[in-house]
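It should be emphasised that the depicted structure is a prediction, and the values quoted were computed from it without experimental measurement.
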Amino acid sequence: MSDIPNIRYSKHNKVRFKSLEDRDKGRTMFTEFFNSIKKEEFGKDMKGHIILESTSDIQESIILTFWETREDMDKFYSMQNRGLANLVNRAKPLFEKMPERTDYSVSELSV
C-alpha cells in the first residue's frame, strides 16, 4: 500500500529574485505561507509542494505545487485566493520579474 497521494496536476512557478539575499527571504516567506494554509479553504486540497533553488543561478527558484484535480489547482491560483495574492504582493519587491506559471499533468510519479 502506498502513502503517495493521488497527484494528477502540478503548477510550475519559476521565480527570479533580485539577489541571493532576496531568494533567502522569499524562501522563508513561501515556507511560512505553505505551512499556514494546509487547513484553509484554498490550501486544504493541495497534495504537496516542493521549493527548488538553482545550484547554478543564485537568483532562481522553482516552486511546484501538486494537485489531485485541475479544478482544485485552478481554484488555488484564482483571484479569489486572497492569501496567495497577499503573499505575491509581499514578495513582489524581492522579484527581478514576476513569476512565470505553467500547468502540467502528471504522467508518472515515483518517490
Worksheet item: Does Leu94 belong to the same Ile/Leu/Val/Met/Phe/Trp/Tyr cluster as Ile51, with side-chain heavy atoms less than 4.5 Å apart forming each link?
Response: yes
Practice prompt. Answer yes or no: is there a donor N or O on one side and an acceptor on the other, between the side chain of Glu60 and the main chain of Arg16, under 3.5 Å?
Written response: no
Item to complete: Taking Asn81 for its side chain and Tyr77 for its backbone only, find out whether a donor-acceptor pair lies under 3.5 Å.
Response: no
Fill in: Non-hydrogen atoms of Glu100 and Lys97 that approach each other most closely
OE2-NZ, 3.0 Å
Worksheet entry | Nearest non-hydrogen partners of Asp22 and Phe17, listed with the distance | O-CD2, 3.6 Å
Worksheet entry | 4.5 Å side-chain heavy-atom contact, Lys25 and Thr28 | no
Worksheet item: Between Phe34 and Val88, is there a shared hydrophobic cluster once you connect ILVMFWY residues whose side-chain heavy atoms come closer than 4.5 Å?
Response: yes
Worksheet item: What distance do Thr65 atom OG1 and Asp45 atom CG have between them, rounded to the nearest 0.5 Å?
Response: 12.0 Å
Worksheet item: In the single-linkage hydrophobic clustering (I, L, V, M, F, W, Y; side-chain heavy atoms under 4.5 Å), do Leu109 and Phe66 co-cluster?
Response: yes
Item to complete: State the CZ-OG distance between Arg8 and Ser107, to the nearest 0.5 angstrom.
Response: 8.5 Å
Discussion item. Are Tyr104 and Val15 connected into the same hydrophobic cluster when the rule is that any two of I, L, V, M, F, W, Y join if their side-chain heavy atoms are below 4.5 Å apart?
Written reply: no
Discussion item. Do Thr102 and Lys11 make a side-chain contact, defined as non-hydrogen atoms from C-beta onward lying under 4.5 Å apart?
Written reply: no
Worksheet entry | Residues, nucleotides or ligands: over 12 heavy atoms within 6.0 Å of Arg27 CZ | yes
Item to complete: Mind checking the CG-NE2 spacing from Asn13 to His49? Nearest 0.5 Å is all I need.
Response: 11.0 Å
Worksheet item: Would you say the side-chain atoms of Gln59 pair up with the backbone N or O of Lys18, donor to acceptor, closer than 3.5 Å?
Response: yes
Fill in: Flag, side chain of Ser54 to backbone of Ser61, donor-acceptor distance under 3.5 Å
no
Worksheet item: Is there side-chain contact between Trp67 and Met46, with heavy atoms separated by less than 4.5 Å?
Response: yes
Discussion item. For Gln80, is there any backbone N or O sitting under 3.5 Å from a side-chain donor or acceptor partner on Lys75?
Written reply: no
Fill in: Test item: Met29 and Leu87 side chains (from C-beta on) under 4.5 Å apart, heavy atoms
yes
Worksheet item: Any link between Val111 and Ile62 through a network of hydrophobic side chains (Ile, Leu, Val, Met, Phe, Trp, Tyr) touching at under 4.5 Å?
Response: yes
Worksheet entry | Approximate separation, where rounding is to 0.5 Å, of Glu53 CD and Ile63 CD1 | 9.5 Å
Discussion item. Go through it in stages, so that I can follow the logic: the residues are Ser19 and Glu21, the test is side-chain hydrogen bond (donor to acceptor under 3.5 Å, both in side chains), and I'd like the CA-CA distance, side-chain angles, deciding distance and then a yes or no.
Written reply: CA-CA 5 Å; Ser19 68; Glu21 182 180 343; 5.3 Å; no
Discussion item. Restricting to non-hydrogen atoms, name the atom on Lys47 and the atom on Asn6 that form the minimum distance, rounded to 0.1 Å.
Written reply: CG-O, 4.2 Å
Item to complete: Check whether any side-chain heavy atom of Phe33 sits under 4.5 Å from a side-chain heavy atom of Leu84, and report yes or no.
Response: yes
Worksheet item: Excluding sequence neighbours, so at least two apart, what forms side chain to side chain donor-acceptor pair (under 3.5 Å) with Asp72?
Response: Thr69
